[in-house]
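Since the structure comes first, as structure tokens, the remarks are kept for the end.
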Protein chains: 2
Amino acid sequence: MPLVREPVGSAAATELSAAFKALGDPVRLRLLSLIASRDGGEACVCELTDSFDLSAPTISHHLRVLREAGLVGSERRGTWVHYRAEPTLLRRLSELLAVPAAGSVA
Amino acid sequence: MPLVREPVGSAAATELSAAFKALGDPVRLRLLSLIASRDGGEACVCELTDSFDLSAPTISHHLRVLREAGLVGSERRGTWVHYRAEPTLLRRLSELLAVPAAGSVA
DNA sequence: CGCTAGATTAGACGGATGTCGAATCAAGAC
DNA sequence: GTCTTGATTCGACATCCGTCTAATCTAGCG
């Protein structure tokens, strides 16, 4: 499973690189962290916008990219929309990049 | 350190997202995996080119992106250039994406 | 030296990306 | 219904990105 164990196949690379691509923007990385680090792993969009010097449409665009990459999910509750992190994909990416300790056995 | 523990700062996000951006292409992800999964963690460029249906300059371009992101290093030995993975940055990214188990204590 | 093989650089091209303002949609208050 | 607030969608713009061919550089061989 880790990248260092065996070569990532073409299909898997396409799928996984899409997730990394979504993480490849400082605003999106901070957005994901803001969402994931909150108690309950959820955040309202209104709480996220204030952390950036960007327009609301731009934040909305970045959240959509994160959602389409499968890194977050969203749910509307009344007036506000809440985003939550998806731990499954995060763990998968984390394992992919993991580097076994120098002397670790197979 | 993990993304879910506390919000990633602006400066750290800029630095880390640059690495994820480099991983955000299927060719580069496979290249890194091909390099890292080889015995000794090294690979010659000539061995990498054959795995793709791309021109040599394109492979060279992707290797440069990986190098400038700090994910690989390169060294010329005679006629051939060898690339090796950088485990330190890989581990840092892996830890960043790690999601503690549900019942884990702080 | 010239020649060949491996690798990078330079320049060009089409397509994707990040940002914005304006318009639109959704839900509630009055 | 109208108005207000939160959030998204639309359309535009400048910039960046992946790919190619052609040219260049590096190292060895004769």
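Chain identifiers are assigned alphabetically (A, B, ...) following the order of the sequence lines, protein sequences preceding nucleic acid strands; residue numbering begins at 1 within each chain.
Across the helix from C:dC1-D:dG30 to C:dC30-D:dG1, the helix axis at one end is tilted relative to the axis at the other end by 10° (nearest 10 degrees, each axis from five pairs).
Of the candidates C:dT9, C:dG6, C:dG21, the closest approach to any side-chain atom of B:Pro57 belongs to C:dT9. With D:dA27, D:dT19, C:dA10 as the choices, the nucleotide that has an atom nearest any side-chain atom of B:Thr79 turns out to be D:dA27. In this structure, the nucleotide among C:dC20, D:dA7, D:dC20 sitting nearest to the side chain of B:Thr58 is D:dC20. Listed candidates were C:dA27, D:dG18, C:dA7. Nearest to the side chain of B:Asp25 is D:dG18. When the nucleotides C:dT19, C:dG21, C:dG6 are ranked by their closest atom to the side chain of B:Arg76, C:dG6 comes out on top. Side-chain atoms of B:Lys21 lie closest to D:dC17 of the nucleotides D:dG18, D:dC17, D:dT8. Checking D:dT19, C:dT19, D:dA7 against every side-chain atom of A:Cys46, the shortest atom distance belongs to D:dA7. The side chain of A:Val45 has D:dA7 as its nearest neighbour among C:dA22, D:dA7, D:dA22.
Within the 3.5 Å criterion, the main-chain N or O of A:Ser94 finds a donor-acceptor partner in the side chain of B:Ser94. With A:Arg28 contributing its side chain and A:Arg30 its backbone, the two residues share no donor-acceptor pair below 3.5 Å. Judged by distance alone, with hydrogens and angles left aside, the side-chain atoms of A:Ser33 form a donor-acceptor pair with the main-chain N or O of B:Leu3 at under 3.5 Å.
Whole-Å rounding puts the B:Glu47 CD to C:dG6 P distance at 12 Å. In this structure, A:Phe20 places its CZ atom 19 Å from C1' of D:dC17, rounding to the nearest Å. Distance B:Leu63 CG to C:dG6 C1': 13 Å, rounded to the nearest Å. For the pair A:Asp53 CG and C:dC20 C1', the computed distance is 13 Å after rounding to whole Å. Separating the CZ atom of B:Arg64 from the P atom of C:dA10 is a distance of 7 Å, rounded to the nearest angstrom. Distance B:Leu48 CG to C:dT8 P: 10 Å, rounded to the nearest Å. Atom-to-atom, CG of B:Leu66 to P of D:dG18 comes out at 10 Å; the value is rounded to the nearest Å. Summarising the geometry, the separation between CD on A:Glu75 and P on C:dA26 is reported as 17 Å, rounded to the nearest angstrom.
Contact annotation for A:Phe52: no contact, since no heavy-atom pair falls under 4.0 Å across all strands. A:Arg28 comes within contact range of the sugar-phosphate backbone alone, with a heavy-atom separation under 4.0 Å but no base atom that close. Within the 4.0 angstrom heavy-atom criterion, no nucleotide atom of any strand lies near B:Arg67. Contacts of B:His62 with the nucleic acid, taken as non-hydrogen atoms under 4.0 Å apart, involve only primed sugar atoms and P, OP1 or OP2. Contacts of B:Leu54 with the nucleic acid, taken as non-hydrogen atoms under 4.0 Å apart, involve only primed sugar atoms and P, OP1 or OP2.
In the hydrophobic clustering of this structure, B:Leu97 groups with A:Leu89; members are Ile, Leu, Val, Met, Phe, Trp, Tyr whose side-chain heavy atoms approach within less than 4.5 Å, directly or through other members. Cluster membership for B:Val72 and B:Ile59, using ILVMFWY side-chain heavy atoms within less than 4.5 angstrom, is shared.
Put simply, A:Ser55 has a side-chain N or O that comes within less than 4.0 Å of OP1 or OP2 on C:dC20. Remark: B:Tyr83 is in phosphate contact with C:dT8, judged by side-chain N or O atoms under 4.0 Å from OP1 or OP2.
Within 6.0 Å of the CZ atom in A:Arg64, the count of heavy atoms belonging to other residues, nucleotides or ligands does not exceed 12.
The minimum heavy-atom distance between A:Phe52 and A:Leu48, with the atom names listed, is CD1-O, 3.3 Å.
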Could you go step by step and tell me if A:Arg38 and A:Glu47 meet the salt bridge (Lys or Arg N to Asp or Glu O under 4.0 Å) rule?
CA-CA 11 Å; A:Arg38 223 168 190 89; A:Glu47 298 166 319; 3.5 Å; yes
